[in-house]
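Below is one structure; the comments refer to it alone.
Chain A is the first sequence line, chain B the second, and so forth, proteins listed ahead of strands; every chain is numbered from 1.
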Protein chains: 2
Amino acid sequence: MTEATDTKKRILDVGEQLFLKGGYDSFSYRHISSALGIKNAAVHYHYPSKAELGAAVIRRARRRFARWREEVEARGDDAVQKLEALFGIFRNFLQAGTVCFGGALAINFPALPPEMQREAQDLNGDFLAWTEAVLREGRREGRFTFPGDPKDQAVVVLACIQGLLQIARETDPSHFDAAVTQLMRSMKA
Amino acid sequence: MTEATDTKKRILDVGEQLFLKGGYDSFSYRHISSALGIKNAAVHYHYPSKAELGAAVIRRARRRFARWREEVEARGDDAVQKLEALFGIFRNFLQAGTVCFGGALAINFPALPPEMQREAQDLNGDFLAWTEAVLREGRREGRFTFPGDPKDQAVVVLACIQGLLQIARETDPSHFDAAVTQLMRSMKA
DNA sequence: GTCTATAGCGGGATAGAC
DNA sequence: GTCTATCCCGCTATAGAC
């Protein structure tokens, strides 16, 4: 990996962290450049506009989630373990002091650059589809016992952990694990 | 109500809408003043700093929720009806094209003015305490059958509808009612 | 690929007239 | 209570040297 692409990757790293900590409106080229010890013109060289940088951050998150799914699949986890692995992703956000992509994108979604809106919708689709498949598989194998359509239940599960991250951030972080346990129990009882 | 306090109220109205649509970073004194046909110095007269305006918006939401609780109590609703009334509050946000206070406050919570952070925590406390009481009452009367502590279940319920509003905003609004129905069914089954 | 320098705009906030 | 005028700052983005 050359020095050039290394800077490009670092910009994405810092940009992602700032985005997840405060949303699209909260960070600037100066925040990123000063964190990397460079000047803001250098950031513009790699990502000419903020819209492109924002879209690139979401696009990378989608690729990362795709690789993550392959790893989980390769482990041969059952549906319960898979869902717990999903909760682990969100627990990492909590420990990093951020919200998740969905939460960071939702606040001013209609005002975001169109290419970011598209990436955000695709990322949501990825998470919803995977969760639905896991819930369906788990119920078929008798590991989950929830009523209704797995598609609707997937929305409930993802909405819950997304909201949990935010409530935990505003009040008490311990709410997260307590409520995740509660959610899991309600599907296995 | 004098003209003066009327302007003050209108500032709060516009400020609240802009805040719920895009978060604290998304709006300015100019947005508010131009929406009201006045100048930004006039807004500063009523709310000298943006932090005070933001705190006042949250404070009014707390008072509104307190009045709402009294109305619901006066109607003599049962626990199921009460929870459905709560969902109605959030459905109104969806129809207004906004997220809820919790979602708007979470994104950059650590960077918010301290007085806003305090009001936000109090507002969260109000919602959590009321929801917990309703869930406890409903289970005692046999209207709900969920496992575990009503306190944890209240966090699950509020996190879910908060997240739902955001997912509905990013993808398909119809997700909201479908998932709310699913959530309700999982507690009554 | 990174720099200096700067354009052009919008942000929060204030002074002082009316 | 609202106005005009202004300050100072930070933002995205670009031009051109190195």
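- Taking 4.0 angstrom as the limit, A/Thr7 places a side-chain polar atom (N or O) nearer than this to OP1 or OP2 of C/dT2.
- Within residues 108-119 of chain B, no residue has any heavy atom under 4.0 Å from DNA chain D.
- Heavy-atom distances under 4.0 Å link DNA chain D to A/Phe27, A/Ser28, A/Tyr29, A/Arg30, A/His31, A/Asn40, A/Ala41, A/His44 of residues 24-45 of chain A, given in residue order.
- Between A/His44 and A/Tyr29, the ring planes lie parallel to each other; the angle is under 30°, not in the 30° to 60° tilted range.
- You'll find the side chain of B/Val80 reaches within 4.5 Å of the side chain of B/Lys188, heavy atoms only.
- For the atom pair B/Ile32 CD1 and B/Ile38 CD1, the distance stands at 9.0 Å (nearest 0.5 Å).
- The distance from atom CG of A/Leu18 to atom P of D/dC11 is 11 Å, rounded to the nearest whole Å.
- Here A/Arg143 contributes atom CZ and A/Leu135 contributes atom CG; the two are 13.5 Å apart, rounded to the nearest 0.5 Å.
- We find that NZ of A/Lys50 is positioned 15 Å from P of D/dT14, with the value rounded to whole Å.
- In this structure, B/Arg139 forms a cation-pi arrangement with B/Phe146, its terminal cationic atom sitting closer than 6.0 Å to the ring centre and no more than 45° off the ring axis.
- In this structure, A/Ile11 atom CD1 and D/dT12 atom P are separated by 13 Å, rounded to whole Å.
- Between B/Glu16 and B/Lys21 there is no salt bridge, since no side-chain N of the basic residue sits under 4.0 Å from a carboxylate O of the acidic one.
- For the pair A/Lys50 and A/Phe27, the distance from NZ or CZ to the six-membered ring centre is under 6.0 Å and the angle to the ring normal is within 45 degrees.
- Of the possible donor and acceptor atoms, one in the side chain of A/Gln117 sits under 3.5 Å from a partner among the backbone N and O of A/Leu112.
- Per the geometry, NZ belonging to A/Lys8 stands 11 Å off P belonging to C/dT2, to the nearest Å.
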